[in-house]
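Scroll down for the structure; my scribbles are underneath it.
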Amino acid sequence: DSGVTQTPKHLITATGQRVTLRCSPRSGDLSVYWYQQSLDQGLQFLIQYYNGEERAKGNILERFSAQQFPDLHSELNLSSLELGDSALYFCASSRTSGRPGELFFGEGSRLTVL
Amino acid sequence: DQQVKQNSPSLSVQEGRISILNCDYTNSMFDYFLWYKKYPAEGPTFLISISSIKDKNEDGRFTVFLNKSAKHLSLHIVPSQPGDSAVYFCAANGHNFNKFYFGSGTKLNVKP
């Protein structure tokens, strides 16, 4: 158990819909990262937050947005969903921002868009 | 732009033999490298890391080698065990980066 909690574990929805994925980082970790893993692909970095502020942005679509709340949990919002958004979405946390020693991953949220 | 590449999608090894997983990177600013292991239906878990000031780091059955001039790192697992069967991701990070770059993973199958 990494200490990172993601909900929901599975989500099935239709094209055009909007979903919210939630992540609770490990106790004491201030940084939250979101990654997308599509079929047979590597982990694509989406976005990072540190103590409530956006720190780094990757290949995140404009239809996607995220935020980190004062209690440090984070939400990833995916809107106007397309078939190609079907993927595993991982949240990871680390103690610091600038030079994380390692990332602790949640079990992922599997999104299926029909 | 894939800055970290794992060119072998899969690898099959007999139990007890050595498993060698390879990873190449393109950005010379990377100075910290990690390997993660991922079982089905689980998130990736940290396995071993290496800083660019070293060329080898060992932890039990796992050893990571770094060749900076070739921009190449490898993970050696000796002896391989069936429980090592998983997908292995390499990742890289550098001083000016707030994020890790991950490779596409290598699926290791260790046959009993």
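Throughout, a chain's letter reflects where its sequence line sits, starting with A, and its residues are numbered from 1.
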Measuring from atom CD of A:Glu102 to atom CG of B:Asn93, what distance do you get when rounded to the nearest 0.5 angstrom?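 Nearest 0.5 Å value for the CD-CG distance: 12.5 Å.
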
Interatomic spacing from CD in A:Gln48 to CZ in B:Phe100 - rounded to 0.5 Å: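 The CD atom of A:Gln48 sits 10.0 Å away from the CZ atom of B:Phe100.
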
Please say whether more than 12 non-hydrogen atoms of neighbouring residues, nucleotides or ligands are located less than 6.0 Å from [atom1] in [X].
{"X": "B:Lys68", "atom1": "NZ", "answer": "yes"}
{"X": "B:Arg17", "atom1": "CZ", "answer": "no"}
{"X": "A:Glu53", "atom1": "CD", "answer": "no"}

Greatest number of heavy atom pairs closer than 4.5 Å to chain A - which of B:Pro44, B:Gly105, B:Gly103: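 Heavy-atom pair counts peak at B:Pro44.
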
Heavy-atom distance under 4.5 Å to chain A: side chain of B:Lys38, backbone, both or neither?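 Side chain only.
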
Of all heavy-atom pairs between [X] and [Y], which one has the smallest distance, and what is that distance?
{"X": "A:Leu103", "Y": "B:Tyr36", "answer": "N-OH, 2.6 Å"}
{"X": "B:Phe89", "Y": "A:Gln37", "answer": "CZ-NE2, 3.5 Å"}
{"X": "B:Phe102", "Y": "A:Leu43", "answer": "CD2-CD1, 3.5 Å"}

So for A:Gln6, is it side chain, backbone, both, or neither that comes closer than 4.5 Å to the heavy atoms of chain B?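 Neither the backbone nor the side chain of A:Gln6 comes within 4.5 Å of chain B.
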
Is [Y] reachable from [X] through a run of I, L, V, M, F, W or Y residues, each pair having side-chain heavy atoms under 4.5 Å apart?
{"X": "B:Phe65", "Y": "B:Leu34", "result": "no"}
{"X": "A:Leu88", "Y": "A:Val19", "result": "no"}
{"X": "B:Ile18", "Y": "B:Leu11", "result": "no"}
{"X": "B:Phe33", "Y": "B:Leu21", "result": "yes"}
{"X": "B:Phe62", "Y": "B:Val13", "result": "yes"}

Which residues in residues 105-114 of chain A have a heavy atom less than 4.5 Å from any heavy atom of chain B?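 Residues in range: A:Phe105, A:Gly106, A:Glu107.
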
Expected list for residues 64-72 of chain A: side-chain donor-acceptor pairs under 3.5 angstrom, two or more places apart:
from    : atom 1 : to      : atom 2 : distance (Å)
A:Gln68 : OE1    : A:Asn51 : N      : 3.2
A:Gln68 : OE1    : A:Gly52 : N      : 2.7
A:Gln68 : NE2    : A:Leu30 : O      : 3.2
A:Gln68 : NE2    : A:Leu72 : O      : 3.1
A:Asp71 : OD1    : A:His73 : N      : 3.1
A:Asp71 : OD1    : A:His73 : ND1    : 2.7
A:Asp71 : OD2    : A:His73 : ND1    : 3.2

